[in-house]
Amino acid sequence: MKVDRLRFSQKSWTVLTGFWLTALTLVGYSRSLKGPFVFDDFVFILNNSAVQDLPYLLRQLQLPFSSGRAVSLLSFYCNHLFDGFEVEGYHFFNLLLHSANSLLLFLMLIRLQNGAVRENHPNVPFSGWDSLIAFVTASLFAVHPLLSSTVLYITQRSSQLVTMFTLLAFMSYLQARCFSPKLLRFWTWSFLCLLFYWLAFKSKNMALTGLGLPLIHEGVLATASGRFRQFLKRGSIGILILGWGIGTYFQSADYLLKGNAFLGFNSDSLWGPWTHFQTMTRVLMHYWKLLMLPLPQWLSIDHDFSISPGYADPWAISAIGAHLIIITVMVLFARNKFVLAALGIGWFYLTLGPYLVVPQRDLFVEYKLYLPSIGYFLITADLLRILTDGQVARIFPPAAFAIFSIVIIAGTAGIWQRSAAFSSGVALWKDAVSKAPVKDRALYNLGNEYSKLEENGVALIYYQKALQVNIANNHARLNMARLYSRMKRYEDALVTYHQILTTLSNYRPENLGKIPFQAFSEAARLHSVLRQWEKAIPLFHKAIEWDPQHSNIYAELGRAYAQVRQPENAIFFLNQALTRNSQSFLAHYYLGGLLGQMGKPEAALKHLRIVTQLEPENPDHFNNLGIVYRMLGNYHSAQKVFRQALKLNPNHPQAQENLISVIQLLPVLKKIDPAIQISLIK
């Protein structure tokens, strides 16, 4: 095959590549379209009111230093606007994003080869090989099995959006540097570069590392051209480093300031900056391994990864040495004008670098690699460029075609297999447990999935296994207590709740999240179910200490005080509930009933009217309201609401009896035969 035969117009290559990458993505991921929402999809999409609140999302976009994933949530808002919560639309949107990112990688490689590579290889003319190299590399990106976790896991759309806007920003920067700062085009492309970086940050805060990509690019070019000293003298490098540092700070501040630095580990005492750094150097080496060899048995939504102990973990020291060698190779690549490979190594370490020093909940997860993987594919493109250079090009095309076909088929098969793991929550976490059998989160989440299916015995087994692996996993213990309650094993549930409560002092309050409030409030409610009011009251008070704004807890505490015949305390806490939420159903319901029992029907009437408005389909509420009207002597209104109760439930015995009693009290009907009274009721 001659190089001339590969000559097409740039537009033809782009159109061809766009169709090919879209088709490749849709075929590879077609099995996943009906895959259900899993794991954090419930938190970020199904149970997230922001997904349906456009004004809130627009306000989030305006906050200068807060990511909030506003752009990601806006994309979910658009999905919900057109598809509701039909999962196919969300998956299809993710597939389109992956196709778009593959195409952007193709265009960026074309731009880099026309620019950075040609600047350092002026004697090598542009040819169709450049487009073919970009085409092959983008195809490999589209079917790389390691990236499937990001594409299949709907919530990780944020990583896809970050990558898309970062690629657009970097390409805008490449365009801007082609023009003099005196030209309008320079400022137009510079503005677009900053706009895309801002959109990337608003998708996920990890995008701030992208601010350093122009620095890496300029450093590689300066090294390749022998002008590195001049590069160091330029003031722009200081600005870029400052921007990268500020970005890293804001990325880490959310964790450090909220005290979540230890959540990636089983115990606060295990964490330390050096321990974390050592551990993450090993993680990065595993990322390299998965990028180069994404075998199915190594891929999982969750990975078990041990913490590097002490100050001289041999494996961590070896990993640090390996990283230093790779960075040295990057410099050698740059000096020998392998610009794409050098830029790729820099891209990988720049986008993953903050994780070496910034604590996070998840040490080793695949979706963090979506943006850094661009660096790996830049290296791949440079390798392909070497294979198409000189004499090697004569034998490359037929061999490359065969290898390319095999890799595409293997990648598609890998994606097909990973799609099966995302076919259900049980399948997803079974797969994770089989590959990380001592990871308590995988065991705990598999228990959650069986609990949703009401396979309580199996769920209980996996909760117990999670606690055997990590006795500090109070999430597993909390769900186990809920499971016991559902199974009506109340004593076991209370024992489990109190196990959580006795361990709270072992942790920093800021690291516990909502667990204390949930444990105190749910244990108190269970005591209320068992009518153990004296035991419930102090637990409700503790729950209020952890969440003073939760109106229903005040209402339930007020009810508990009413049951132990302390009406003053009951009324006080019920009014506290209404202060926090004037439409609190429980507060109005309990307060109306209590005031009625205390012989204050005028005060009770207001609350019971609101109760019927909040739950207009419940006949019991109309029956209670009718009783209060009867106490006030308003028999006509009482008759009306009793009839409304019977309209909702014609067989409601109390409403029938109460209606008869009211009719008998009406002056006009006192002397009517009882049989006629009954017919009037009917």
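Since we're looking at a predicted model, the values are computed, not measured. Counting from 1, the numbers follow the sequence of the chain as shown. Side chains included, hydrogens not; waters and symmetry mates left out as well; all remaining heavy atoms used.
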Geometric cation-pi criterion, R69 with F44: 6.0 Å, 45° | yes
Listed partners of Q644 passing side-chain hydrogen bond (donor to acceptor under 3.5 Å, both in side chains), at least two apart = none
Do other residues, nucleotides or ligands put more than 12 heavy atoms under 6.0 Å from the CG atom of L26?
-> yes
Would you give the length of the straight line joining atom NZ of K542 to atom CD1 of I553, rounded to the nearest 0.5 angstrom?
-> 15.0 Å
Closest contact, heavy atoms only, S424 versus V38 | C-CG1, 4.5 Å
Show your working on side-chain hydrogen bond (donor to acceptor under 3.5 Å, both in side chains) between N581 and S584 and close with a plain yes or no.
-> CA-CA 5 Å; N581 179 11; S584 170; 4.8 Å; no
Identify, with sequence neighbours excluded, every residue that meets salt bridge (charged side-chain N to carboxylate O under 4.0 Å, His left out) alongside K465.
-> none
Roughly how far, to the nearest 0.5 Å, is OG of S451 from OH of Y462?
-> 14.0 Å
What do the steps show when you test R643 against Q639 for side-chain hydrogen bond (donor to acceptor under 3.5 Å, both in side chains), and what is the final call?
-> CA-CA 6 Å; R643 290 186 184 279; Q639 178 189 195; 3.1 Å; yes
Pair K204-S159, side-chain hydrogen bond (donor to acceptor under 3.5 Å, both in side chains): steps then yes or no = CA-CA 7 Å; K204 199 173 185 179; S159 298; 3.2 Å; yes
How many angstroms lie between CD in Q613 and CD1 in I610, if you round to the nearest 0.5 Å?
-> 6.5 Å
Compare every heavy atom of A466 with every heavy atom of Y444, then report the nearest pair and how far apart it is.
-> N-CB, 3.8 Å
Name all residues meeting the ring pair (Phe, Tyr, Trp, His ring centres under 6.0 Å) criterion together with F39; count only those two or more places apart in sequence or in a different chain, and write none if there are none.
-> W429
Taking all heavy atoms of R630 and all of A638, pick out the closest pair and write down the distance.
-> N-CB, 3.9 Å
What are the two closest heavy atoms between A523 and L494, and how far apart are they?
-> O-CD2, 4.0 Å
Donor-acceptor pair, side chain of N47 and main chain of V43, under 3.5 angstrom = no
From CG (L557) to NE2 (H541), nearest 0.5 Å | 4.5 Å
Those residues that, when tested against K439, pass salt bridge (charged side-chain N to carboxylate O under 4.0 Å, His left out) (two or more places apart) | D302
side-chain contact (heavy atoms from CB on, under 4.5 Å) between H621 and R609, intermediate numbers included | CA-CA 9 Å; H621 302 332; R609 278 177 177 169; over 6 Å; no
So, the side chain of N470 versus the backbone of A472: is there a donor-acceptor pair under 3.5 Å, distance only?
-> yes
Check side-chain hydrogen bond (donor to acceptor under 3.5 Å, both in side chains) between D620 and all other residues, then give those that pass, not counting sequence neighbours.
-> H652
Evaluate whether atom CZ of F585 has more than 12 neighbouring non-hydrogen atoms of other residues, nucleotides or ligands under 6.0 angstrom away.
-> yes
Sequence neighbours excluded, which residues qualify as ring pair (Phe, Tyr, Trp, His ring centres under 6.0 Å) partners of F572?
-> none
V365 and I301: side-chain contact (heavy atoms from CB on, under 4.5 Å), yes or no, with the steps?
-> CA-CA 7 Å; V365 284; I301 194 174; over 6 Å; no
Would you check if there is a donor-acceptor pair between the side chains of N448 and Y463 at a distance under 3.5 Å?
-> yes
Would you say the side-chain atoms of S419 pair up with the backbone N or O of Y29, donor to acceptor, closer than 3.5 Å?
-> no
Backbone of S637 reached by a side-chain donor or acceptor of N634 within 3.5 Å = yes
Kindly confirm or rule out a cation-pi arrangement of R580 over Y554, judged by NZ or CZ under 6.0 Å from the six-membered ring centre and within 45° of its axis?
-> yes
Side chains of residues 588-607: which donor-acceptor partners sit under 3.5 Å, not counting sequence neighbours?
unit_1, atom_1, unit_2, atom_2, d
H588, ND1, H607, ND1, 3.0
H588, NE2, S582, O, 2.8

H527 and W533: side-chain contact (heavy atoms from CB on, under 4.5 Å), yes or no, with the steps?
-> CA-CA 7 Å; H527 280 299; W533 306 107; over 6 Å; no
Could you tell me the separation between the CG atom of N623 and the CZ atom of F642, rounded to the nearest 0.5 Å?
-> 5.5 Å
Exam field: side chain Q656 to backbone P650, donor-acceptor pair closer than 3.5 Å = yes
Distance-only, no hydrogens or angles: does the N575 side chain make a donor-acceptor pair with backbone N or O of I571 under 3.5 Å?
-> yes
Here the pair of heavy atoms bringing H303 nearest to S300 is NE2-O, 3.2 Å
Does any N or O in the side chain of N79 come within less than 3.5 Å of the main-chain N or O of G89, such that one atom is a donor and the other an acceptor?
-> yes
The ring pair (Phe, Tyr, Trp, His ring centres under 6.0 Å) partners of F37 (sequence neighbours excluded) come to Y90
Salt bridge (charged side-chain N to carboxylate O under 4.0 Å, His left out) filter on R486, not counting sequence neighbours, yields none
For the pair N474 (side chain) and R477 (backbone), establish whether a donor and an acceptor sit closer than 3.5 Å, ignoring hydrogens and angles.
-> no
In terms of side-chain heavy atoms, does H98 have a donor or acceptor partner in Y370 at a distance below 3.5 Å?
-> yes
Any residue meeting side-chain hydrogen bond (donor to acceptor under 3.5 Å, both in side chains) with S528, in chain and number order, not counting sequence neighbours | none
R59: side-chain hydrogen bond (donor to acceptor under 3.5 Å, both in side chains) partners, not counting sequence neighbours = none
Is the NZ or CZ atom of K452 both under 6.0 Å from the centre of the six-membered ring of F42 and within 45° of that ring's axis?
-> yes
Show your working on side-chain hydrogen bond (donor to acceptor under 3.5 Å, both in side chains) between N552 and R525 and close with a plain yes or no.
-> CA-CA 11 Å; N552 283 348; R525 289 187 184 112; over 6 Å; no
Separation of N456 CG from M480 CE (nearest 0.5 Å) | 13.0 Å
May I have the step-by-step check of side-chain contact (heavy atoms from CB on, under 4.5 Å) for V438 and L443, ending in yes or no?
-> CA-CA 8 Å; V438 292; L443 293 163; over 6 Å; no
Please find out if less than 6.0 Å separates the ring center of F573 from that of Y561.
-> yes
Under the salt bridge (charged side-chain N to carboxylate O under 4.0 Å, His left out) test, residues paired with D492 that sit two or more places apart = R489
Does the side chain of T155 come under 3.5 Å of the side chain of D40 through a donor N or O and an acceptor N or O?
-> no
Indicate yes or no for a side-chain donor-acceptor contact from N94 to the backbone of V151 under 3.5 Å, with no hydrogens or angles considered.
-> yes
With no hydrogens and no angle check, is any side-chain donor or acceptor of N445 less than 3.5 Å from a backbone partner on R441?
-> yes
